[in-house]
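On a predicted model such as this, the values are computed, not experimentally measured, just so you know. Per chain, numbering begins at 1; letters A, B, ... match sequence-line order.
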Amino acid sequence: DGGITQSPKYLFRKEGQNVTLSCEQNLNHDAMYWYRQDPGQGLRLIYYSQIVNDFQKGDIAEGYSVSREKKESFPLTVTSAQKNPTAFYLCASSIDGYYEQYFGPGTRLTVT
Amino acid sequence: GESVGLHLPTLSVQEGDNSIINCAYSNSASDYFIWYKQESGKGPQFIIDIRSNMDKRQGQRVTVLLNKTVKHLSLQIAATQPGDSAVYFCAENSYSSASKIIFGSGTRLSIRP
């Protein structure tokens with residue numbers, strides 16, 4: 001089955017700890033994205049990558065970091081500098097960044 | 001700034017009736033539009049898309065209408081079912097946007113039995 005996976009589904013961390021969210025796709029898509037979604041809200045772009053070894057900041061990149069060492073993987077690290085990290089995080093991919101994005105199931109991060 | 005928005009944040013529809021979800025966009029350079037459905041606790045799911053060279057596109061029980069004159073996009077769902085309950089997002093993109101799809105804020109569709 002082709003698709004995009006995120007793990008884990010639920011993640012709990014103590015304040016002050018960095019945490020890395022996994023995102024993997026086997027769709028052979030060039031572009032990958034990370035979004036944050038708060039309850040009852042829309043999607044806000046954190047980072048995106050159009051090609052391996054290259055990525056750009058989105059609208060709310062502060063306190064987050066990413067890497068794109070492989071085409072199929074785009075992990076997101078939520079650092080201790082992120083002031084309000086508790087949220088639902090969604091990863092997506094697109095064949096070339098123009099056409100529709102395919103979303104993963106999301107990771108719900110809770111920081112206490 | 002340029003953005004995609006929705007007229008109604010929530011929509012309540014009787015089961016079996018047709019639903020119409022609206023979306024306004026302001027970027028005249030946008031040439032590709034997408035509708036997504038997001039069920040509670042899940043990632044958004046692609047429903048249907050439309051290019052700017054089209055006015056209408058139909059899928060299974062869904063129709064997207066594009067009015068470029070007034071920069072308006074709508075999603076029509078025929079014979080709404082309980083499984084249609086979700087949040088619906090519109091999105092726009094263009095080749096000049098550096099591959100950053102812009103998402104609307106979403107409309108919650110609830111179905112009355």
Engineer: I need the contact set between residues 69-77 of chain A and chain B: heavy-atom distance under 4.5 Å, sorted by residue number.
Structural biologist: none

Engineer: Is the closest basic N to carboxylate O distance between R57(B) and D49(B) below 4.0 Å?
Structural biologist: yes

Engineer: Pick from I34(B), N22(B), N67(B), I50(B): which one makes a side-chain contact (heavy atoms from CB on, under 4.5 Å) with L73(B)?
Structural biologist: I50(B)

Engineer: Measure from the side-chain N and O atoms of D84(B) to the backbone N and O of Q81(B), and report whether any donor-acceptor pair falls under 3.5 Å.
Structural biologist: yes

Engineer: Which atoms of F46(B) are under 4.5 Å from chain A, going by heavy atoms: the side chain, the backbone, both sets, or neither?
Structural biologist: side chain

Engineer: Ring-plane angle category for F103(B) and Y36(B), please: parallel below 30°, perpendicular beyond 60°, tilted otherwise.
Structural biologist: tilted

Engineer: Determine whether C23(B) and W35(B) make a side-chain contact, defined as any pair of heavy atoms from C-beta on separated by less than 4.5 Å.
Structural biologist: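 They are in side-chain contact.
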
Engineer: With respect to chain B, which residue among G104(A), G106(A), P105(A) yields the maximal number of heavy-atom pairs within a distance under 4.5 Å?
Structural biologist: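 So the answer, after comparing G104(A), G106(A), P105(A), is P105(A).
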
Engineer: Side chain, backbone, both or neither: which part of Q56(A) has a heavy atom under 4.5 Å from chain B?
Structural biologist: neither

Engineer: Write out, in numerical order, the residues from residues 81-88 of chain A with a heavy atom short of 4.5 Å from a heavy atom in chain B.
Structural biologist: F88(A)

Engineer: Hey, is NZ on K14(A) packed in by over 12 heavy atoms from elsewhere, all under 6.0 Å?
Structural biologist: no

Engineer: In the structure I gave you, are the side-chain heavy atoms of T63(B) and K56(B) within less than 4.5 Å of one another anywhere?
Structural biologist: yes

Engineer: Taking side chain as everything from C-beta outward and backbone as N, CA, C, O, which of these in E100(A) sits under 4.5 Å from a heavy atom of chain B? Side chain, backbone, both or neither.
Structural biologist: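 Both parts, backbone and side chain.
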
Engineer: What part of Y35(A) gets closer than 4.5 Å to chain B, counting heavy atoms only: side chain, backbone, both or neither?
Structural biologist: side chain

Engineer: Counting only non-hydrogen atoms closer than 4.5 Å, does R108(A) touch chain B with its backbone (N, CA, C, O), its side chain (CB onward), both, or neither?
Structural biologist: side chain

Engineer: Can you check whether H29(A)'s main-chain N or O pairs, donor with acceptor, with Q25(A)'s side chain at less than 3.5 Å?
Structural biologist: yes

Engineer: What part of Q38(B) gets within 4.5 angstrom of chain A, counting heavy atoms only: side chain, backbone, both, or neither?
Structural biologist: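 The answer is the side chain of Q38(B).
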
Engineer: Do L75(B) and Y88(B) come close enough that some side-chain heavy atom pair is under 4.5 Å?
Structural biologist: yes

Engineer: With a cut-off of 6.0 Å (strictly less than), are more than 12 heavy atoms of other residues, nucleotides or ligands near NZ of K68(B)?
Structural biologist: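 Check passes, neighbour count above 12.
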
Engineer: Crowded around E15(B) CD? As in, over 12 foreign heavy atoms under 6.0 Å?
Structural biologist: yes

Engineer: Treating S94(B) as the side-chain partner and D31(B) as the backbone partner, does any N or O pair qualify as donor plus acceptor under 3.5 Å?
Structural biologist: no

Engineer: Is there a path of hydrophobic side-chain contacts, each under 4.5 Å between heavy atoms of I/L/V/M/F/W/Y residues, joining F33(B) to I21(B)?
Structural biologist: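 Same cluster.
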
